[in-house]
Amino acid sequence: MEKYDVEVKEKKTKKEVGLQELPGTHENIVMRFAPNPSGPLHVGHARAAVPNAEYVKRHDGKLILRIEDTDPKRVYEPAYEMIPEDLEWLGIKADEIIYQSDRFETYYDYAKQLIEKGAAYMCTCDGATFKELKDNCKPCPCRDNSVEENLELWEKFPEMDVGEAVLRVKTDIEHKNPAIRDWVAMRIVKESHPRLGDKYSIYPMMNFSVAVDDHLLGLTHVLRGKDHLANTEKQKYLYEHMGWEMPEFIHYGRLKMEDIALSTSKAMEGIEKGEYSGWDDPRLGTLKALARRGIDPRTIYSLITEIGVKSSDSAISWKKIHGLNRNYIEPIANRYFFVENPVEITVDGYDDGEVTIERPLHADHTDRGNRKLLFDGTAYLAKEDINDGIVRLMDAVNADISGDNISYNSTSFEDARSQKAKIIQWVPVKENVPVKIVMPDGSVKKGLGEVDIKELKVGDMVQFERVGFARLDEITDDAIIFYFAHK
RNA sequence: GCUCCGGUGGUGUAGUCCGGCCAAUCAUUUCGGCCUUUCGAGCCGAAGACUCGGGUUCGAAUCCCGGCCGGAGCACCA
């Protein structure tokens, strides 16, 4: 008789915030972020980099940045510099950087071992022929070559012409997914590599170099997009041939972002055509663009952590990004006046002379001090704000607007309140500074800002009252240029 | 077409493995109110979801089957 089942079920004890707990070991974990250096990092990369970094941080593991530059056609040289910069922006620091282009001899070594084991073979069929056979679950003639024949061809491999031969890893020629059947491990590439020049003509395919490296570098967990699902299956065969233990694989879903082309190649094309101002054009989804728009890296980090690593797709909305970002930006951004499409006005009947008005830099942090605005009965107002009725020029006077006529009504705030005057921003006529705000769609708002804006530095975040948050991007002779973040 | 994977409020998530404590969590969003010399912040309140249909079960977001919808892969790219 069976003993009573006294085993107490372990009930839902985990309450991880954001990321689900990692399967497998939690001791000495090793993870990697492995981008192809085809451009700077974008949000899609953050989706890979952040969870890796976060898991490593939680478990005090090791994070490897591995640059996957095994296709010379897809290497954009500046990316070698940009990738670590972008990671740093995200607050991620890899413990080690590996360049796959440094490791060709290692790949050759394992390729040869595979041949010797009879687990890989040199295939001289042309692609179409092989595909035809493969799609019908038929092995190609090369599959039966002896180890000796294969080794001989392997030695001759570097002298062959492009397309003449490839090295294939034996899988299951009847695998139900044709993509898995006897995949290519090595191919001939006669193209100059930014880091290798023409040193090699035999290049590993991603599935091969990735699996070899993941094993050799001691990866315990591999986090990758679900577009790699089939690749994981392919690589499984390599692990089996070599008698290696598989790391834990986790496949996450696609990330879509509202109104943004995440594709690096499209961005590159647009930049070359001059449609975009550069990798940090506000319309792009690069981290550089987000940074330029005043998105705090913590916004992206926490958003990605929240999205987690589940395999369903997610679409991130700007509303969500802005909402999160506001939490970070709001306390640090000092307030200033900006008027778009300024119209110079005179408040008829105002006769209190010239007064200096002080306003706090931040209403909730008065210790930061005040900025000063000069009021003498004239001002610039935003064209949009000039509508019939009573308005209060904030902290100055209340005025009645009637067509082009603007006349003094009163001064006290209480009067404004009792008359339900709309409070609007204004800029002194005597002292002001031209300001341009580049909007997320690339358009530019032109106007005037209060003179204290001159004290700001590039990178400072501000809030233009009633307009929104913006980041000071550049100070030119013409104007101070901001990039708009959000309301 | 074939091979896989997935579907919880507008959006992102928790819960699904091990059915009941889920009349479903949290964030963002939206809408009210309070406060405030910003349309920001803060405070209070509210709105809003288990893709559909069957089945199993005393009981299903959770298990099974089918439909629908979405996605990925099907390279000598990564």
Which whole-number value in Å describes the distance from [X] [atom1] to [N] [atom2]?
| X | N | atom1 | atom2 | answer |
| --- | --- | --- | --- | --- |
| A:D313 | B:rU11 | CG | C1' | 14 Å |
| A:L19 | B:rG12 | CG | C1' | 13 Å |
| A:Y121 | B:rC76 | OH | P | 12 Å |
| A:R224 | B:rA72 | CZ | C1' | 13 Å |
| A:E164 | B:rC76 | CD | C1' | 13 Å |
| A:F413 | B:rU36 | CZ | P | 8 Å |
| A:Q463 | B:rG40 | CD | C1' | 4 Å |
| A:K422 | B:rC39 | NZ | C1' | 9 Å |

Contact class for [X] vs. all strands (heavy atom < 4.0 Å): base, sugar-phosphate, or nothing?
| X | result |
| --- | --- |
| A:R254 | sugar-phosphate |
| A:E68 | sugar-phosphate |
| A:T70 | sugar-phosphate |
| A:V184 | sugar-phosphate |
| A:P204 | sugar-phosphate |
| A:F469 | sugar-phosphate |
| A:D135 | nothing |

5'-most by nearest nucleotide on RNA chain B - A:R392 or A:M186: A:R392

Nearest-nucleotide comparison on RNA chain B, the residue closer to the 5′ end among A:H322 and A:I188: A:H322

Indicate whether OP1 or OP2 belonging to [N] is found under 4.0 Å from a side-chain N or O atom of [X].
| X | N | answer |
| --- | --- | --- |
| A:R326 | B:rA41 | yes |
| A:K226 | B:rG6 | no |
| A:R187 | B:rC77 | yes |
| A:K176 | B:rC4 | yes |

[X] side-chain proximity, nearest of [options]:
| X | options | value |
| --- | --- | --- |
| A:M205 | B:rC77, B:rG40, B:rG12 | B:rC77 |
| A:R168 | B:rC76, B:rG73, B:rA78 | B:rC76 |
| A:N177 | B:rU3, B:rU37, B:rG12 | B:rU3 |
| A:S314 | B:rU13, B:rC76, B:rA78 | B:rU13 |
| A:L229 | B:rC76, B:rU30, B:rC5 | B:rC5 |
| A:E330 | B:rG12, B:rG40, B:rA78 | B:rG40 |
| A:N327 | B:rA78, B:rU28, B:rG6 | B:rU28 |
| A:K310 | B:rA14, B:rG73, B:rU37 | B:rA14 |
| A:H362 | B:rG40, B:rG10, B:rU37 | B:rG40 |

Within 45° cone of A:F337 ring axis and under 6.0 Å: A:R371 NZ or CZ: yes

Aromatic A:F413 / basic A:R392 pairing, under 6.0 angstrom, 45° off normal: no

Atom of A:T299, atom of A:S302 and distance for their closest heavy-atom approach: O-OG, 3.3 Å

Residue pair A:Y110 / A:H215, side-chain donor-acceptor N/O under 3.5 Å: no

Working for salt bridge (charged side-chain N to carboxylate O under 4.0 Å, His left out), residues A:E233 and A:K236: CA-CA 5 Å; A:E233 179 72 8; A:K236 203 171 98 189; 3.7 Å; yes

Please evaluate the base of [N] for a donor-acceptor partner in the side chain of [X] within a cut-off of under 3.5 Å?
| X | N | answer |
| --- | --- | --- |
| A:R335 | B:rG40 | yes |
| A:K131 | B:rA75 | no |
| A:D364 | B:rG40 | yes |

Worked check of salt bridge (charged side-chain N to carboxylate O under 4.0 Å, His left out) between A:E306 and A:K320: CA-CA 11 Å; A:E306 178 178 328; A:K320 177 83 181 181; 3.1 Å; yes

Validation row, ring centre A:W183 to ring centre A:Y237 under 6.0 Å: no

Inter-nucleotide P distance (B:rG9, B:rU62), Å rounded: 14 Å

Pairing partner of B:rC22 (Watson-Crick or G-U wobble, both distances under 3.5 Å): none

Separation between CD1 of A:I304 and CD1 of A:I300, rounded to the nearest 0.5 Å: 6.5 Å

